[in-house]
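Quick caveat, the model's predicted, so the values are computed rather than measured. Side chains are part of it too, since the values below use all heavy atoms of this structure and drop only hydrogens, waters and symmetry mates.
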Amino acid sequence: MTMLRNWVIGVFCATVCVQASLGAEADNAAVLTQALRARSVVTFTYKGQERTVEPHALGKATDDKPALLAWQTSGGSNTEPPPGWRVFLVAEIAGLKMTAQKFEKPRADYRAKARGLISIDIDVLAPQPTPVPPSPPAAPAK
């Protein structure tokens, strides 16, 4: 009976962990999409290192997992120090925050597929939404 109880608890915990991970991935993707459209710098923790990046594309990495291609401007790295191009798995990004800092245009050497993404869902080259001016107030009825 104890073994069955432990198995049920283990399955439940694994299910909750997977659901939490999928929720965090979807939340990260939504924030990153917003940051891409606004060309906003973002900060997050990845593999234990704080990072500051300019997001350039969201798509799929070679292992078909959702990934971010970004120019890392500052923070830590487990491979080489910034600045430089990095591919981050969206599910492994923690503490994601969009900052008020903007970048005007993509980096001159930006090429999403040449930098580690096999497909692109959205990138900084996509047309930016045109702001709609507010409608004038309606004239009062006579």
According to side-chain hydrogen bond (donor to acceptor under 3.5 Å, both in side chains), who are the partners of Thr45, at least two apart in sequence or on a separate chain? Glu50
Residues which pass side-chain hydrogen bond (donor to acceptor under 3.5 Å, both in side chains) with Tyr46, listed by chain and number, not counting sequence neighbours: none
Set out, in order, the CA-CA distance, both residues' side-chain angles and the distance that settles side-chain contact (heavy atoms from CB on, under 4.5 Å) for Arg37 and Ile122, then state yes or no. CA-CA 9 Å; Arg37 289 188 173 135; Ile122 183 172; 3.6 Å; yes
Identify all side-chain donor-acceptor contacts of residues 55-71 below 3.5 Å with residues at least two apart in sequence or on another chain.
residue	atom	partner	partner atom	Å
His56	ND1	Glu54	O	2.9
His56	NE2	Arg107	N	3.0
Asp63	OD1	Lys65	N	3.4

Is there any ring pair (Phe, Tyr, Trp, His ring centres under 6.0 Å) pair reaching into residues 25-44, and which pairs are they, with sequence neighbours excluded? Phe44-Phe88
Please report the shortest heavy-atom distance between Ala91 and Glu25, naming the atom on each side. CB-OE1, 3.2 Å
Non-neighbouring partners of Thr43 that pass side-chain contact (heavy atoms from CB on, under 4.5 Å), sequence neighbours left out: Thr52, Lys97, Thr99
Acceptor/donor pairs from residues 76-83 side chains to any protein atom, 3.5 angstrom cut, sequence neighbours excluded:
residue	atom	partner	partner atom	Å
Ser77	OG	Thr79	N	3.2
Ser77	OG	Thr79	OG1	3.2
Ser77	OG	Glu80	N	3.3
Ser77	OG	Glu80	O	2.9
Asn78	OD1	Gln49	NE2	3.1
Asn78	ND2	Lys47	O	3.2

Arg39 side chain near Glu104 side chain, heavy-atom distance below 4.5 Å: no
Donor-acceptor pair, distance only, cut-off 3.5 Å: does the side chain of Asn28 make one with the backbone of Ile93? yes
Phe103 and Val124: side-chain contact (heavy atoms from CB on, under 4.5 Å), yes or no, with the steps? CA-CA 10 Å; Phe103 59 102; Val124 293; 4.0 Å; yes
Starting at CG of Leu125, measure out to CD1 of Ile120 and round the result to the nearest 0.5 Å. 8.5 Å
